[in-house]
Amino acid sequence: QVQLVESGGGLVQAGASLRLSCAASGRTISYYAMGWFRQAPGKEREFVAGISWRASNTYYLDSVKGRFSISRDNAKNTVALQMNGLKPEDTAIYYCAAKNTYPTDYVPLSRPGEYDYWGQGTQVTVSS
């Protein structure tokens, strides 16, 4: 089992930056593809960013490309999402997710059902 705990959310003004962190425990995530999703009130959970377990590949929702950056530190069992230039439409609960894809490094996973483990989420609110 993998336990994921997100942190770093908050209330910020448009244009600000936030850095979300996801700390994993229970198992090493070295062989896990990791993803960030978000869910706004009344909307479906939406893929935001993903990273392969070797960090050789990253992929993003089109609307966050150039503003958000996903990274990982397998030695620390953590994944981060750097969010710059935040917009009110980025307001949502942000979730971290994991899926073991070993031995394949790059497996683009963008649907919630493709991930096995989830955190409890962290709220990001961007005011205009």
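Residue numbers run from 1 in the order of the sequence given. Just so you know, these numbers use all the heavy atoms, side chains as well, and skip hydrogens, waters and symmetry mates.
The OG atom of Ser110 sits 7.0 Å away from atom OH of Tyr59, with the distance rounded to the nearest 0.5 Å. Taking CE of Met83 as the reference point, atom CG of Leu18 lies at 4.5 Å (rounded to 0.5 Å). In this structure, CD on Gln123 lies 11.0 Å from CD on Gln39, to the nearest 0.5 angstrom. In this structure, Arg19 CZ and Ser7 OG are separated by 10.5 Å, a value rounded to the nearest 0.5 Å. In this structure, CG in Asp105 is found 5.5 Å from CZ in Arg54, a value given to the nearest 0.5 Å. Ser30 contributes atom OG, which lies 6.5 Å from atom CG of Asn77 (distance to the nearest 0.5 angstrom).
In the hydrophobic clustering of this structure, Tyr60 does not group with Tyr106; members are Ile, Leu, Val, Met, Phe, Trp, Tyr whose side-chain heavy atoms approach within less than 4.5 Å, directly or through other members. Under the 4.5 Å side-chain heavy-atom criterion for Ile, Leu, Val, Met, Phe, Trp and Tyr, Ile70 and Ile29 are members of the same hydrophobic cluster. Criterion: ILVMFWY side-chain heavy atoms under 4.5 Å apart, direct or through other members. Under it, Tyr115 and Leu61 are not part of a common hydrophobic cluster.
Among residues two or more places apart in sequence or in another chain, the side-chain contact (heavy atoms from CB on, under 4.5 Å) test is passed with Ser128 by Pro88. Contacts of Glu89 classified as side-chain contact (heavy atoms from CB on, under 4.5 Å), with partners at least two apart in sequence or in another chain: Lys87.
A salt bridge (charged side-chain N to carboxylate O under 4.0 Å, His left out) check over residues 27-38, counting only residues at least two apart or in different chains, returns the pairs Arg38-Glu46, Arg38-Asp90.
In this structure a side-chain-to-backbone donor-acceptor pair under 3.5 Å is missing from Thr58 to Ile51. Looking only at distances, no side-chain donor or acceptor of Gln82 sits under 3.5 Å from a matching main-chain atom of Ser69. For the pair Thr122 (side chain) and Gly9 (backbone), a donor-acceptor distance under 3.5 Å is present.
Taking the six-membered ring where the residue is Trp, Phe47 and Phe37 present perpendicular rings, their angle passing 60° and hence far from 30°. Ring geometry, Phe68 versus Tyr94: the interplanar angle falls from 30° to 60°, so the pair is classed tilted.
The heavy-atom pair separating Met34 from Ala98 by the smallest distance is SD-CB, 3.4 Å. For Ala33 against Leu109, the heavy-atom pair with the smallest separation is CB-CD1, 3.9 Å. In terms of heavy atoms, Val2 sits closest to Ala24 at CG1-CB, 4.3 Å.
Taking the ring centroids of Tyr32 and Trp53, they lie at or beyond the 6.0 Å cut-off.
Taking 4.5 Å as the limit, some side-chain heavy atom of Trp118 sits within range of a side-chain heavy atom of Pro112. The side-chain heavy atoms of Cys22 and Leu4, taken from C-beta on, include a pair separated by under 4.5 Å. Contact of the Lys99 side chain with the Glu114 side chain is not registered, since no non-hydrogen atoms from C-beta on lie closer than 4.5 Å. Side-chain contact between Gln3 and Tyr117 is absent, with no heavy atoms from C-beta onward closer than 4.5 Å. Within the 4.5 Å cutoff, no side-chain heavy atoms of Tyr95 are placed close to those of Gln120. Looking at Ile93 and Val124, their side chains never come closer than 4.5 Å, going by heavy atoms from C-beta outward.
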Inset, instruction - Could you check Asp73 against Thr78 for side-chain hydrogen bond (donor to acceptor under 3.5 Å, both in side chains), going step by step and ending with a plain yes or no? - result: CA-CA 5 Å; Asp73 186 336; Thr78 59; 5.0 Å; no
